[in-house]
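Note that the structure is predicted; figures quoted are calculated from it, not measured.
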Amino acid sequence: MQSNIRKKNFIIWWPAEKSRSGWLNIFSDNDNIINESHFDNVKRSSHFNNIIKTTELRIVFFYNKDVLGNVGYKFKGIYEIDRLKSNASNGLFWKRCSSEFTINEY
């Protein structure tokens, strides 16, 4: 799965499934959707209102800490906001638009 993602605004994101600082990121079973939410209603709503206006794509590396305390990051893909599913109550929904990302010299 790859889309034309050249000349887009990218940010790198390293979500974790465990809550960090009130943020909770839930991955779908196939990792095609990430629900980004916050326990605090005001922060969740404010974040939604700021991000829903952007056209950014997120380069996602899953943050994981194993039982020994070793931290690792695994590339999951490129995600874009799903404006139809996202809302201030349930948070942002990010859908994978590409499972590959190539870095070229320019």
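- Between Phe75 and Phe62, the gap from one ring centroid to the other reaches at least 6.0 Å.
- A single hydrophobic cluster is not seen to contain both Tyr79 and Ile33; linkage of ILVMFWY side chains at heavy-atom distances under 4.5 Å, directly or through other members, places them apart.
- Geometrically, Arg20 engages Tyr63 in a cation-pi contact defined by less than 6.0 Å to the ring centre and at most 45° from the axis.
- A donor-acceptor pair is defined here as one N or O able to donate and one able to accept, closer than 3.5 Å; such a pair exists between the side chain of Asn49 and the backbone of Ser45.
- Counting only heavy atoms from C-beta outward, the side chains of Ser86 and Phe48 approach each other to under 4.5 Å.
- Cluster annotation: Trp23 and Ile52 are assigned to distinct hydrophobic clusters (Ile/Leu/Val/Met/Phe/Trp/Tyr, side-chain heavy-atom contacts under 4.5 Å, transitive).
- Contact annotation: the side chain of Leu92 never approaches that of Asn35 to less than 4.5 Å [non-hydrogen atoms, C-beta and beyond].
- Under the 3.5 Å distance criterion, the side-chain polar atoms of Arg44 are matched with a main-chain donor or acceptor of Ala88.
- Tracing side-chain contacts under 4.5 Å through hydrophobic residues (I, L, V, M, F, W, Y), one reaches Leu57 starting from Tyr73; they form part of the same cluster.
- Side chains of Arg96 and Asp31 form a contact here, defined as non-hydrogen atoms less than 4.5 Å apart.
- Contact of the Asn32 side chain with the Phe27 side chain is not registered, since no non-hydrogen atoms from C-beta on lie closer than 4.5 Å.
- Side-chain contact between Arg58 and Lys76 is absent, with no heavy atoms from C-beta onward closer than 4.5 Å.
- Glu36 and Trp94 share a donor-acceptor pair across their side chains, judged by distance under 3.5 Å alone.
- Within the 4.5 Å cutoff, the side chain of Trp14 has no heavy atoms near those of the Val60 side chain.
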